[in-house]
Amino acid sequence: MEALIPVINKLQDVFNTVGADAIQLPQIIVLGTQSSGKSSVIESLVGRSFLPRGPGIVTRRPLVLQLVYSPKDSKEHRSAEEVLRHQNTEATTWNPITQLSHSIFSKGTINLEEWGKFLHTKDKVYTDFEAIRQEIERETDRMAGSNKGICPEPISLKIYSTTVVNLTLVDLPGITKIPIGDQPEDIENQIRNLIIKYISNPNSIILAVTAANTDMATSEAIKMAKEVDTDGRRTLAVVTKLDLMDAGTDAIDILCGRVIPVKLGIIGVVNRSQQDIIDKKTISDALKDEATYLQRKYPTIATRNGTPYLAKTLNRLLMHHIRDCLPELKVRVNVMISQFQSLLNSYGDDVSDKSQTLLQIITKFASAYCSTIEGTARNIETTELCGGARICYIFHETFGRTLDSIHPLVGLTRMDILTAIRNATGPRPALFVPEVSFELLVKRQIRRLEDPSLRCVELVHEEMQRIVQHCGTEVQQEMLRFPRLHQRIVDVVTQLLRTRLPATNSMVENLVAIELAYINTKHPDFHREAALVSGLLKSTDGLIDENSPIFRQKTPRATPSPMNGTPENKVLTPQKPVNLLPEVPSQTSRKLSDREQHDCDVIGGRSENTTVLNAYSKTNDVITMMHLNQMGDLVERLIKSYFYIVRKSIQDSVPKAVMHFLVNYVKDNLQSELVTHLYKSDQAESLLNESEHIAQRRKEAADMLKALQRAGQIISEIRETHMW
């Protein structure tokens with residue numbers, strides 16, 4: 001199981017090269033307040049002094065520290081060839097004779113006790129730990145500036161040694177409250193957010209460092225650890241500066257967990273003082289003094305405290321933690337490989353042959369456009385209707401319902417119909433239904449079908465334009481990748497649709513004009529209604545006799561005429577009204593105008609038998625209005641019948657015309673139009689200028705996929721025996 005930690009170190013190296021933290025790797029996070037002794041603890045674990053020191057905030061960037069145990073007989077991490085390659089950059093291969101001639105075996109990692117490598121300096125080997133300190137300071141200033149600001153980008157350092165245990169530590173900036181120097185006012189929030197980002201990783205172990213000469217109950221490190229690790233399952237506390245406690249006090253209660261219990265335990269250590277550092281006291285001497293102090297001050301718990309015990313504990317915790325996290329880590333890496341492979345495929349490959357690529361995109365777009373109309377696209381839209389389904393909805397729902405909502409007699413009153421009948425007969429009485437009035441009225445109603453038909457064309461045109469944005473995810477990715485090509489394709493499609501719009505509108509207008517041009521009263525569906533007119537005109541039994549209630553009420557009995565001696569009622573026999581529609585409400589006669597009433601009075605005044613003529617006049621008014629109402633009902637029925645026939649024809653022919661003149665024409669000619677305007681254009685090369693952000697995303701996705709594949713390979717190399 002000891003081999004698990006180097007595996008995690010390899011994974012960290014892989015993901016640090018791409019700057020990605022999508023994979024949450026197991027690691028130990030060291031946090032504490034400023035000057036609480038974090039750096040001293042880490043240096044004690046390494047056994048060498050290599051971290052920057054000084055007043056105020058010194059650690060201003062996260063330091064990912066990988067400790068690798070490398071015994072002298074190990075061939076995995078030691079290589080003389082590696083050192084030779086960096087010492088002599090002109091040599092491309094390793095030659096043993098050249099190696100001997102340069103006498104640099106003593107400088108290689110084969111015989112070194114300890115050395116370090118930074119990730120940002122590639123394979124450069126640092127044997128002087130003072131140089132490591134300077135490189136940390138230089139890299140910190142490069143990213144975070146020379147003031148006291150912080151930077152979230154980590155520095156990766158790997159230290160190989162014959163004395164360390166395998167560990168992965170992350171040293172974070174110390175918790176501070178008040179900005180000093182050139183630090184920003186929100187330095188506290190910046191550091192807090194940075195710490196929370198690292199310790200929120202559920203695969204991390206939190207090493208909370210607190211000084212023994214402060215109150216444990218006020219420890220900011222333990223407080224922040226509890227915020228993200230409420231059950232304390234992954235928190236280990238370290239109490240530093242045990243030798244600096246006030247006289248007469250000790251930390252026995254703290255170390256035994258009686259003050260603040262910590263599940264993984266509390267370990268006390270003794271750091272080097274500032275005077276020890278000035279005097280260049282070695283770490284090994286400091287560890288001896290620490291062991292002596294613990295044996296003298298805390299003899300009963302000396303074996304469970306101190307830096308060596310802390311190193312072994314961290315090593316054991318990290319190995320077990322890695323073992324628990326590794327199965328989930330495998331699954332996570334495999335899932336992300338699949339995701340980034342799909343993402344990279346969506347961005348497409350680099351364009352080598354632009355002409356071929358342009359033709360492929362044009363063909364793919366035309367095919368996707370037609371498939372969206374026909375409903376055969378691979379990616380079916382589920383949130384809204386689009387393409388051919390939307391066009392079908394316009395034809396049969398929007399357009400169809402609009403026509404159905406138009407009443408045949410909308411805008412026509414009974415008085416309009418009767419007036420039209422009387423105007424069509426001129427000075428002659430209306431004995432029959434005049435065809436002129438019927439045609440006049442029915443044409444007026446048919447014209448109402450033209451506006452909805454033209455609106456249908458407009459809606460289909462808009463949907464054909466919208467299809468450009470809904471013609472497949474693969475095509476959309478190509479459009480995003482080449483924005484100039486996308487704009488030109490939209491322009492070509494828009495122009496093609498615009499050129500077909502006048503022809504389609506003209507055809508629809510002609511369909512309505514055709515219906516207006518000839519009112520076919522011999523239409524098979526209209527024949528039954530027309531037969532009613534003939535039946536009415538041929539009826540001879542519709543007379544009103546003298547016993548009719550209307551005749552008795554409205555006509556006074558006339559005296560025999562002195563000229564022929566016959567009663568006048570033998571001649572005045574009005575027709576019996578015929579009811580064509582069931583339960584037609586009776587209509588009152590139209591009120592005469594002042595001029596018409598004056599004419600009636602004048603004519604009535606010149607008659608010698610005014611009484612008789614008035615009676616005849618009233619009877620004729622009743623008969624005339626009954627006859628007009630009868631003809632009005634008949635005309636209404638004929639208008640309805642013929643309007644329904646025309647509406648049915650328009651409802652059927654307009655969608656066919658739109659499909660032929662607009663939809664099918666665009667489908668059949670889209671690819672040829674695109675090729676004509678784009679592929680044969682002199683600007684074909686410039687159309688495939690890729691968007692900058694797409695190129696950047698492809699590079700990032702490719703780097704991440706490469707890192708994930710390398711990580712998957714590293715994890716797959718772990719044998720099952722290493723897990724236990």
Side-chain angles (χ1 to χ4, degrees), residues 339-381 386-391 460-501 503-504 658-703 705:
Q339 292 175 346
F340 275 89
Q341 184 65 61
S342 300
L343 181 63
L344 186 60
N345 292 339
S346 67
Y347 291 142
D349 300 328
D350 291 333
V351 180
S352 56
D353 187 349
K354 289 193 174 184
S355 297
Q356 180 182 359
T357 302
L358 179 59
L359 185 59
Q360 289 176 350
I361 294 175
I362 290 175
T363 304
K364 187 185 298 183
F365 173 82
S367 176
Y369 190 92
C370 296
S371 298
T372 305
I373 294 176
E374 296 170 357
T376 58
R378 288 188 297 175
N379 299 316
I380 300 297
E381 183 69 39
C386 65
R390 178 69 180 174
I391 294 174
V460 174
H461 174 268
E462 292 176 358
E463 180 58 29
M464 296 283 286
Q465 188 70 48
R466 285 181 64 247
I467 293 177
V468 178
Q469 310 299 331
H470 295 272
C471 56
T473 55
E474 296 180 0
V475 177
Q476 294 304 318
Q477 287 294 335
E478 299 289 351
M479 298 298 100
L480 292 175
R481 184 180 177 189
F482 305 110
R484 188 171 181 182
L485 176 61
H486 177 216
Q487 186 59 44
R488 290 289 294 122
I489 288 178
V490 172
D491 293 343
V492 172
V493 175
T494 302
Q495 183 62 29
L496 178 60
L497 291 172
R498 187 179 293 119
T499 57
R500 295 307 302 168
L501 194 57
T504 309
V658 174
M659 287 297 297
H660 175 72
F661 284 89
L662 182 62
V663 179
N664 290 342
Y665 184 92
V666 172
K667 282 172 51 182
D668 296 339
N669 295 275
L670 177 60
Q671 184 166 356
S672 62
E673 288 289 327
L674 290 173
V675 171
T676 301
H677 291 85
L678 302 181
Y679 187 67
K680 296 181 180 180
S681 173
D682 297 336
Q683 300 179 349
E685 293 291 326
S686 63
L687 292 177
L688 292 182
N689 287 337
E690 196 171 29
S691 173
E692 294 182 0
H693 71 276
I694 291 293
Q696 179 65 24
R697 289 180 182 177
R698 187 200 299 107
K699 182 180 181 302
E700 294 174 356
D703 293 342
L705 178 61

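Only this structure's heavy atoms are used, side chains among them; waters, hydrogens and symmetry mates stay out.
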For the pair Q465 and V490, evaluate side-chain contact (heavy atoms from CB on, under 4.5 Å) and give the outcome as yes or no after the intermediate values.
CA-CA 8 Å; Q465 188 70 48; V490 172; 4.2 Å; yes
Residues two or more places apart in sequence or in another chain: which of them pass side chain to side chain contact (heavy atoms under 4.5 Å, CB included) with E374?
T376, K667
In chain order, what residues pass the side chain to side chain contact (heavy atoms under 4.5 Å, CB included) check against K699, with sequence neighbours excluded?
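Side chain to side chain contact (heavy atoms under 4.5 Å, CB included) check on K699 returns D703.
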For Q495 and R498, does a side-chain donor sit closer than 3.5 Å to a side-chain acceptor?
yes
How far apart are the closest heavy atoms of L343 and A701, and which atoms are they?
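Looking at all heavy atoms of both residues, the closest pair is CD2-CB, 4.2 Å.
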Atom pair [atom1]/[atom2] of [X] and [Y] - distance to nearest 0.5 Å:
X: T504; Y: L662; atom1: OG1; atom2: CG; value: 4.5 Å
X: L497; Y: H461; atom1: CG; atom2: NE2; value: 4.5 Å
X: I373; Y: M659; atom1: CD1; atom2: CE; value: 8.0 Å
X: Q671; Y: T676; atom1: CD; atom2: OG1; value: 10.0 Å

Looking at S367, is its backbone amide N or carbonyl O close enough to the side chain of S371 to form a donor-acceptor pair, meaning the two atoms are under 3.5 Å apart?
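Between the backbone of S367 and the side chain of S371 there is a qualifying donor-acceptor contact (under 3.5 Å).
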Without swapping roles, check the side chain of S672 against the backbone of N669 for a donor-acceptor pair under 3.5 Å.
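It does hold such a pair.
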With R466, which residues qualify under salt bridge (charged side-chain N to carboxylate O under 4.0 Å, His left out), at least two apart?
E384, E463
Between L358 and F482, does the side-chain contact (heavy atoms from CB on, under 4.5 Å) criterion hold? Intermediate values first, please.
CA-CA 10 Å; L358 179 59; F482 305 110; over 6 Å; no
Test side-chain contact (heavy atoms from CB on, under 4.5 Å) applied to M464 and Y369, step by step:
CA-CA 9 Å; M464 296 283 286; Y369 190 92; 3.7 Å; yes
Do L678 and L485 have side chains that approach each other closer than 4.5 Å (heavy atoms only, starting at C-beta)?
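They are in side-chain contact.
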